[in-house]
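Beneath this line is the structure, given in structure tokens, with notes to follow.
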Amino acid sequence: MEELFLDAEIREEIGRGKVKAIKDKGFIPAVVYAEGKSALSLKLSHRQLVQLVHHHRIEGVVINLKIKDDKKSRPCLIKEIQHDPVHGEILHVDFNQISLTKAIKVNVPVTAKGEPAGVKLEGGSLEHVLWEVEVECLPTNIPKEFELDVTQLKMGDSIHVSDIPVPEGVKILNDPGAIVLSVAAPMKEEVPVEPGLEGEAPQEPEVIKEKKEVPGEAAAEEGKEGKGKEKEDKKEK
């Protein structure tokens, strides 16, 4: 089990105005919730907390709060971290105090190790479907991560939840048949087909032929036009 420690002090400053004052002094407000007990207001060192966040994965990890003037540290899990929506700074932290002798449920990350044969030799792609799994165990048995070797995976192969090696005392709660990692075939680029042309033979363009003039035909047409004009002249007279 990865064990982390964080210094804390009892916080008597309650209210927005007073909270701002402790932030100006380099502290972050926090609250510890414990089953059957009243919530405990604390203040944490901003510098120490930021270092802890940057160097460790703190979700699902036991953090021992060393409260000033307390003889024993308090094992806790982070319940929630509130961030400034604009600047991303940590505004407030909620902890759940836990018992080291009682099983709890936490999420553990899943990582891939190596390059699959299906990617290296067959041109496929590794798809990471499930990035973490939920486990149930004692706080002292929480795995840091599940690292899965993917070097032997060929095209179409998958690793399921049931394939994850689990240490003694740890139970995975996810569906055993759920896919965690798989090697998929490369995407093929499809050429779009115009509607109505699929399966039809290409049609040749229509050729418009020039009409040939028959000898004497033009003279006949001129004669008809001449007669028509004579009739119109007579009517006008």
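Taking CD from E145 and OG1 from T111, the interatomic distance works out to 4.0 Å, rounded to the nearest 0.5 Å. Atoms CD and CD1, on E127 and I179 in that order, are 9.0 Å from each other to the nearest 0.5 Å. Taking OG of S73 as the start and CG of D7 as the end, the distance is 10.5 Å to the nearest 0.5 Å. With rounding to the nearest 0.5 Å, the separation of CG in L121 from CD in E115 is 8.5 Å. To the nearest 0.5 Å, atom CD1 of residue I104 and atom CD1 of residue I142 are 4.0 Å apart.
Among V150, V129, D149, the single residue meeting the side chain to side chain contact (heavy atoms under 4.5 Å, CB included) criterion with I159 is V150.
Judged purely by atom type and a 3.5 angstrom limit, D94 has no side-chain atom pairing as donor or acceptor with the backbone of I78. When atom types are taken as modelled, the side chain of E136 and the backbone of K171 share no donor-acceptor pair closer than 3.5 angstrom. The closest donor-acceptor contact from the side chain of D70 to the backbone of K72 lies at 3.5 Å or more, if one exists at all. Of the possible polar contacts, one joining the D163 side chain to the H160 backbone as a donor-acceptor pair under 3.5 Å is found. Judged by distance alone, with hydrogens and angles left aside, the side-chain atoms of H56 form no donor-acceptor pair with the main-chain N or O of L52 at under 3.5 Å. With hydrogens and angles ignored, the 3.5 Å screen pairs a side-chain donor or acceptor of N64 with a backbone N or O of L4. A donor-acceptor pair under 3.5 Å is formed between the side chain of H128 and the backbone N or O of L130. Distance alone, capped at 3.5 Å, is enough to place a donor-acceptor pair between the R11 side chain and the A30 backbone. Judged by distance alone, the side chain of R57 and the main-chain N or O of E59 form a donor-acceptor pair under 3.5 Å.
Relative to the six-membered ring of F95, K79 misses at least one condition, a distance below 6.0 Å or an angle of at most 45° to the axis.
With a 4.5 Å cut-off on side-chain heavy atoms, V170 and P143 count as touching.
If you chain together hydrophobic residues whose side chains sit under 4.5 Å apart, L6 and F27 never meet in one group. V166 and V135 fall within a single hydrophobic cluster, where Ile, Leu, Val, Met, Phe, Trp and Tyr are joined by side-chain heavy atoms under 4.5 Å apart, directly or via other members. Side-chain heavy atoms closer than 4.5 Å link hydrophobic residues (I, L, V, M, F, W, Y) into clusters, and following such links, possibly through other members, connects L148 to V183.
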